[in-house]
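One structure is given below, encoded as structure tokens.
Heavy atoms only: backbone and side chains are in, while hydrogens, waters and symmetry mates are out.
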Amino acid sequence: MEQALALATQSLLLTAPNPRVGCVIASPEGQVLGQGHTQRAGEAHAEIMALRDAAARGNLVQGATAYVTLEPCCHHGRTGPCCDALIAAGVTKVVASIEDPNPTVAGQGFARLRAGGIEVEVGPGANESRELNIGFFSRMERKTPWVRMKVAASIDGQTALENGASQWITSEAARTDGHAWRARSCAVLTGIGTVLEDNPRLDVRLVQTPRQPALVVVDSRLQTPPDAHLFVAGRAIHIYAAARNDAKKAALEARGATVIYLPNEGGKVDLAAMLKDLAKREINEVHVEAGSKLNGSLLHAGLVDEALIYLAPKWLGPGQGMAALAPLANLTDAMALRFHSVDRIGEDLRIVARFEGHTP
């Protein structure tokens, strides 16, 4: 199963909106007969890739065991059912890490395998598989993406000087690592303030990637310039607005963007409704790179699942903080997080912390 999980990791940047899955088919003696991982959406799943690999090697899989990191699918979606392929191939046992949370599968794959005479074991590698597919599980179980907020700051929590200068607080190694996190997401989210002040591209450039994640802009009054650098990367762009302006909408959609009106009662974008809408658009993981105002709004609404924070060994003094939040009267009112990991990245620290009550 460790080998299957390693294969699943190879599909980290490839499979969205599908889950990242690996499969190893082994003989009763433990010889690897075939292996593979899920390809792009609409292409072969891990089990099919492993069966093809076995055939290419000239290996028969009758009587073999398939180790797969997620329940084999049993429905006709973009591809055919993997259960049927395993049954037809003569596999006699399937060891799967975890049940597929997709309601169209959700245990039915295991049932079909058992009905086909295949022994099924579930559980090895469950935590690792769920972590690898944290956004997919979130979208299927909570009907909302997994939201990760990325911040680069000095050790005293400043993301920029008072005059707005911020390039660069963290090291090149941290910036490259940040692009790797962008690459694994389905969408990068930012606010109109960042677009107007920095005119960023917010694409993946510092690491190789087979695809660019979509871009999401929270832009209540549709102020995004049609010539903004955001349009350079040639990817899906979703702009969420509150105030209707069909002329601006038409200009942005002429550049390839999709404009969605989702106002709340205060005349701003309804952020919770936006995330639900992104889930319907098959967005699993949202990577937030925004200014303190939008960060504060997302945090205040309880919409952030995970903080990805790079801390540089620099003390800046007065500047711009990570998130604009109202002051607390009591320490007991603080938002509680738990450290998931703490690592050195070049000269900097990378902290991944999850908010209490938010589980993958």
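Contact check on Arg112 versus Asp84 returns a salt bridge, with a Lys/Arg side-chain nitrogen under 4.0 Å from an Asp/Glu carboxylate oxygen. Electrostatic pairing of Arg350 and Asp177 counts as a salt bridge here, judged by a charged N lying under 4.0 Å from a carboxylate O. Salt-bridge annotation for Glu43 and Arg52: absent, with no side-chain N of the basic residue lying under 4.0 Å from a carboxylate O of the acidic one. Ion pairing of Glu131 with Arg354 is present here, as a side-chain N (NZ or NE/NH1/NH2) and a carboxylate O approach within less than 4.0 Å.
Nearest heavy atoms, Tyr67 versus Ala26: CE1-CB, 4.0 Å. Taking all atoms of both residues into account, the shortest heavy-atom contact from Glu99 to Ala106 is OE2-C, 3.5 Å.
There is no path of hydrophobic side-chain contacts, each under 4.5 Å, that joins Ile192 to Leu262.
Glu141 places no side-chain N or O within donor-acceptor distance of the main-chain N or O of Pro101, the cut-off being under 3.5 Å. Side chain of Ser11 to backbone of Thr15: no donor-acceptor contact under 3.5 angstrom is found. Side chain of Ser138 to main chain of Ile134: no donor-acceptor pair is present (N/O by atom type, distance under 3.5 Å, no hydrogens or angles). Without hydrogens or angle criteria, His37 side chain to Leu7 main chain gives no donor-acceptor distance under 3.5 Å. Of the possible polar contacts, none joining the Lys150 side chain to the His287 backbone as a donor-acceptor pair under 3.5 Å is found. Between the side chain of Ser97 and the main chain of Gly123, no donor-acceptor pair closer than 3.5 Å is present. Listed for the Gln108 side chain is a donor-acceptor partner under 3.5 Å among the backbone atoms of Val105. A donor-acceptor pair under 3.5 Å links the side-chain atoms of Asp219 to the main chain of Thr224, judged by distance alone. Formation of a donor-acceptor pair under 3.5 Å by the Arg175 side chain with backbone atoms of Thr170 is found in this model.
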Yes or no on side chain to side chain contact (heavy atoms under 4.5 Å, CB included) for Glu47 and Val94, after CA distance, side-chain angles and deciding distance? CA-CA 11 Å; Glu47 299 92 327; Val94 170; over 6 Å; no
Going through the checks in order, is the salt bridge (Lys or Arg N to Asp or Glu O under 4.0 Å) test met by Glu285 and Arg20? CA-CA 13 Å; Glu285 293 183 23; Arg20 299 125 177 178; 3.0 Å; yes
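When the side chain to side chain contact (heavy atoms under 4.5 Å, CB included) test is applied to Asp53, the partners found at least two apart in sequence or on another chain are Gln35, Arg57. With sequence neighbours left out, Ala324 forms a side chain to side chain contact (heavy atoms under 4.5 Å, CB included) with Ser292. With sequence neighbours left out, the side chain to side chain contact (heavy atoms under 4.5 Å, CB included) criterion links Glu347 to Ser171.
Under the 3.5 Å distance criterion, with hydrogens and angles disregarded, no donor-acceptor pair is assigned to the side chains of Asn330 and Thr332.
Here His229 contributes atom NE2 and Asn199 contributes atom CG; the two are 4.5 Å apart, rounded to the nearest 0.5 Å.
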Atom pairs and distances, side-chain donor-acceptor, residues 207-217, under 3.5 Å, sequence neighbours left out:
from, atom 1, to, atom 2, distance (Å)
Thr209, OG1, Arg211, N, 3.3
Thr209, OG1, Arg211, O, 2.7
Arg211, NE, Leu13, O, 3.0
Arg211, NH1, Ser185, O, 3.1
Arg211, NH2, Ala183, O, 3.2
Arg211, NH2, Ser185, O, 3.0
Gln212, OE1, Val204, N, 2.8
Gln212, NE2, Val204, O, 2.9

Donor-acceptor contacts under 3.5 Å from residues 268-276 side chains, at least two apart:
from, atom 1, to, atom 2, distance (Å)
Asp270, OD1, Ala272, N, 3.3
Asp270, OD1, Ala273, N, 3.0
Lys276, NZ, Arg142, O, 3.0

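Other residues sharing the hydrophobic cluster of Trp168, ordered by chain and number and joined by side-chain separations under 4.5 Å: none, the residue standing alone.
In summary, of the residues considered (Ile98, Asn133, Leu132, Thr69), a side chain to side chain contact (heavy atoms under 4.5 Å, CB included) with Pro19 occurs for Asn133 alone.
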